Peer 1: 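Below are the structure tokens for one structure; questions will follow.
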Amino acid sequence: MPTGLDHSGRLPAAYHAAGTSSFSEFLGNVAPELLPGRRPLPPGMAADVSAHATTIVAIICADGVLMGGDRRATMGNLIAQRDIEKVFAADAYSLVGMAGTAGFGLEMMRLFQVELEHYEKIESSMLSLEGKANRLASMVRNNLGAAMQGLAVVPLFAGFDLDAKSVDKAGRIFSFDVAGGVYEERGYDSIGSGSLFAKSSLKKRYRPGVTTDEAVKLAIEALYDAADDDTATGGPDLLRGIFPVIMTATVEGTRRLSDDETRAVAEQIIAERTENPGS
């Protein structure tokens, strides 16, 4: 029988202690090898060994914030997956999306979700929106070693600030760099390989106070424009029924638009572009 293992079926003592409100810190103490940033990597660049997620957009609207992401993952010049999901509800009032190395990014998003849930269970309260952004920044910072070897993950975080003085000021967006720097953005933002084209699209069309319905169209148009010029970004695929993931965070919580809702907007945009391709 292997030594060093507890076969009584009981959890180790560390799991019964009150411990820290940070799940990442707890995991670092109990099983540090499970943290994405703690895993040893072979020397050299490893950027081509994993699929890469691409373009995410976020828009502040009158009653909160919206986030959308295309569905394509690439590996070099190949499409690795056509229907990957890159936008998630971080908790009841916030959204997170990721661009970069897909495997590390999806793992970081799941860890972030658990981090927020763990904090709420231990402290019996929810972190502030800025506190959530700072927790995510620390996870990005811990992945710096992998990022230097080409396995970078860059998230985009947005949410409804329950501490805001008014609803129209509650939507907030935070961006990050690979070293864990966190920055609050105004109005809108985008990350990923198609972000230059997506932000250019939003720069022309966005105005403060847009409704949620208007923001949905702005987001899908921005992703459409990104896909038009960036091969790593996937546009609406009517043949396969694959459309961007669009989610909102408002005072009522987070919500994901159904495929039928995004299809209707995408078909409207495609019809408009067909009639006037240069628009």
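Values reported hereafter were calculated over all heavy atoms of this structure, with side chains retained and with hydrogens, waters and symmetry mates removed. All values derive from a computational prediction rather than experimental measurement.
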Peer 1: What's the spacing between Met98 CE and Ile84 CD1 if we round to 0.5 Å?
Peer 2: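 Rounded to the nearest 0.5 Å, the CE-CD1 separation comes out at 4.5 Å.
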
Peer 1: Kindly compute the distance separating OH (Tyr119) from OG (Ser124), expressed to the nearest 0.5 Å.
Peer 2: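 Output value for this atom pair is 10.0 Å.
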
Peer 1: Taking the side chain as everything from C-beta on, heavy atoms only, tell me whether Val140 gets closer than 4.5 Å to Val153.
Peer 2: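 A side-chain contact under 4.5 Å is absent here.
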
Peer 1: Hey, does Val251 have a side-chain heavy atom less than 4.5 Å from the side chain of Val167?
Peer 2: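 They are not in contact (no side-chain heavy atoms under 4.5 Å apart), so the answer is no.
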
Peer 1: Between Phe197 and Asp228, does the side chain to side chain contact (heavy atoms under 4.5 Å, CB included) criterion hold? Intermediate values first, please.
Peer 2: CA-CA 9 Å; Phe197 310 109; Asp228 200 34; over 6 Å; no

Peer 1: So which atom in Cys61 and which in Val210 form the shortest heavy-atom distance, rounded to 0.1 Å?
Peer 2: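 The answer is CB-O, 3.1 Å.
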
Peer 1: Only one of Pro236, Ser201, Pro244 forms a side chain to side chain contact (heavy atoms under 4.5 Å, CB included) with Tyr224, so which one is it?
Peer 2: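 Of the listed options, the one satisfying the test is Pro236.
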
Peer 1: Can you find a side-chain donor-acceptor pair between Ser175 and Glu185 that sits under 3.5 Å?
Peer 2: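 A pair is found: one side chain offers a donor N or O, the other an acceptor, under 3.5 Å apart.
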
Peer 1: Going hydrophobic residue to hydrophobic residue with side-chain gaps under 4.5 angstrom, can you get from Ile242 over to Met67?
Peer 2: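 Looking at the clustering, Met67 is in a separate group from Ile242.
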
Peer 1: Looking at CD1 of Ile59 and OG1 of Thr248, how far apart are the two atoms once the value is rounded to the nearest 0.5 Å?
Peer 2: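 Reported value, rounded in 0.5 Å steps: 12.0 Å.
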
Peer 1: Within the side chain of Tyr188, is there an N or O that forms a donor-acceptor pair under 3.5 Å with the backbone of Ala219?
Peer 2: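 No.
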
Peer 1: Could you tell me the separation between the CD atom of Glu130 and the CZ atom of Arg135, rounded to the nearest 0.5 Å?
Peer 2: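 Nearest 0.5 Å value for the CD-CZ distance: 14.0 Å.
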
Peer 1: Does this structure show an ion pair linking Lys217 with Glu272, if we count only N-O contacts that are shorter than 4.0 Å?
Peer 2: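 Salt bridge flag = yes for Glu272 with Lys217.
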
Peer 1: In Å and rounded to the nearest 0.5 Å, what is the CG to CZ distance from Asp177 to Arg141?
Peer 2: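 Rounded to the nearest 0.5 Å, the CG-CZ separation comes out at 9.0 Å.
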
Peer 1: Treating Ile, Leu, Val, Met, Phe, Trp and Tyr as nodes and any side-chain heavy-atom pair under 4.5 angstrom as an edge, say whether Ile269 and Leu238 lie in one connected cluster.
Peer 2: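 Same cluster.
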
Peer 1: In sequence, state the C-alpha distance, the side-chain angles, and the governing distance for Glu261 and Arg256, and then conclude on side chain to side chain contact (heavy atoms under 4.5 Å, CB included).
Peer 2: CA-CA 10 Å; Glu261 290 174 295; Arg256 173 174 170 158; over 6 Å; no

Peer 1: Does Arg205 pair with Asp225 as a salt bridge, N-O distance under 4.0 Å?
Peer 2: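 Yes, this pair counts.
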
Peer 1: Is there a side-chain contact between Phe243 and Ile220, using heavy atoms and a 4.5 Å cut-off?
Peer 2: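 No, every pair of side-chain atoms sits at 4.5 Å or beyond.
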
Peer 1: Would you indicate whether Glu184, at its atom CD, is surrounded by more than 12 heavy atoms from other residues, nucleotides or ligands within a distance under 6.0 Å?
Peer 2: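 Result for CD/Glu184: enclosed.
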
Peer 1: Could you see if Leu95 belongs to whatever hydrophobic cluster contains Met126? Use Ile, Leu, Val, Met, Phe, Trp, Tyr and a side-chain cutoff under 4.5 Å.
Peer 2: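 Hydrophobic grouping puts Leu95 apart from Met126.
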
Peer 1: Side chains of Met109 and Pro155: does their closest heavy-atom pair fall under 4.5 Å?
Peer 2: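 Yes, side chains in contact.
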
Peer 1: I need the single residue from Arg82, Met75, Gln81 that forms a side chain to side chain contact (heavy atoms under 4.5 Å, CB included) with Ile79. Which is it?
Peer 2: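 Exactly one option meets the side chain to side chain contact (heavy atoms under 4.5 Å, CB included) with Ile79, and it is Arg82.
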
Peer 1: May I ask you to test the Phe174-Leu129 pair for a side-chain heavy-atom distance under 4.5 Å?
Peer 2: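 A side-chain contact under 4.5 Å exists here.
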
Peer 1: Val265 and side chain to side chain contact (heavy atoms under 4.5 Å, CB included): which partner among Leu257, Ile246, Val216?
Peer 2: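 Checked Leu257, Ile246, Val216 against Val265; only one passes side chain to side chain contact (heavy atoms under 4.5 Å, CB included): Val216.
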
Peer 1: Is any side-chain heavy atom of Leu111 closer than 4.5 Å to one of Glu107?
Peer 2: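 The answer is no, as the side chains (C-beta and beyond) never meet within the 4.5 Å cut-off.
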
Peer 1: So which atom in Ala58 and which in Leu156 form the shortest heavy-atom distance, rounded to 0.1 Å?
Peer 2: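 Taking every non-hydrogen atom into account, CB-CD2, 3.7 Å.
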
Peer 1: Distance from Leu136 atom CG to Glu115 atom CD, nearest 0.5 Å?
Peer 2: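 It comes to 10.0 Å.
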
Peer 1: Is the CD atom of Glu267 crowded by more than 12 outside heavy atoms at less than 6.0 Å?
Peer 2: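 Atom CD in Glu267 is packed in, count exceeds 12.
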
Peer 1: Donor-acceptor check, side chain of Thr54 to backbone of Ala232, threshold 3.5 angstrom: yes or no?
Peer 2: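 Side chain of Thr54 to backbone of Ala232, a donor-acceptor pair under 3.5 Å: yes, one is there.
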
Peer 1: Is a salt bridge present between Lys132 and Asp91, judged by a nitrogen-to-oxygen distance below 4.0 Å?
Peer 2: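 Yes.
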
Peer 1: Would you indicate whether the side-chain heavy atoms of Leu116 and Glu120 approach each other to under 4.5 Å?
Peer 2: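 No; the side chains remain at least 4.5 Å from each other.
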
Peer 1: Is it the case that the side chains of Asp168 and Ser166 hold a donor-acceptor pair, with the cut-off being a distance below 3.5 Å and no angle test?
Peer 2: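 There is such a pair between these side chains.
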
Peer 1: Does Phe112 belong to the same Ile/Leu/Val/Met/Phe/Trp/Tyr cluster as Leu106, with side-chain heavy atoms less than 4.5 Å apart forming each link?
Peer 2: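 Same cluster.
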
Peer 1: Determine, for Asp70 against Lys86, whether the closest basic-nitrogen to carboxylate-oxygen distance falls under 4.0 angstrom.
Peer 2: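 Between Lys86 and Asp70 there is a salt bridge, with a charged N closer than 4.0 Å to a carboxylate O.
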
Peer 1: Can you tell me if Ser190 uses its side chain to pair, donor with acceptor, with the backbone of Ile56 under 3.5 Å?
Peer 2: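 Between the backbone of Ile56 and the side chain of Ser190 there is a qualifying donor-acceptor contact (under 3.5 Å).
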
Peer 1: Please tell me whether Met139 and Val182 are part of a single hydrophobic cluster in this structure, the criterion being side-chain heavy atoms less than 4.5 Å apart.
Peer 2: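 Yes, one cluster joins them.
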
Peer 1: Which heavy atom of Tyr206 sits nearest to which heavy atom of Ile60, and what is that distance?
Peer 2: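 Smallest interatomic distance, heavy atoms only, reads OH-O, 3.2 Å.
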
Peer 1: Relative to the ring of Phe160, is the ring of Tyr93 parallel (under 30°), tilted (30 to 60°) or perpendicular (over 60°)?
Peer 2: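 Tilted, since the angle between the ring planes falls between 30° and 60°.
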
Peer 1: Could you tell me whether the side chain of Arg72 and the main chain of Thr55 form a donor-acceptor pair under 3.5 Å?
Peer 2: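 Such a contact is absent between Arg72 side chain and Thr55 backbone.
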
Peer 1: Under a plain distance cut-off of 3.5 Å, with no hydrogens placed, do Ser193 and Asp230 share a side-chain donor-acceptor pair?
Peer 2: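 Ser193 and Asp230 do have a side-chain donor-acceptor pair below 3.5 Å.
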
Peer 1: Please give me the minimum heavy-atom distance between Val178 and Ala152, naming the atom from each residue.
Peer 2: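 Closest approach of Val178 to Ala152: CG1-CB, 4.0 Å.
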
Peer 1: Any side-chain heavy atom of Glu85 within less than 4.5 Å of one from Arg71?
Peer 2: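 Contact flag for Glu85/Arg71 side chains = yes.
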
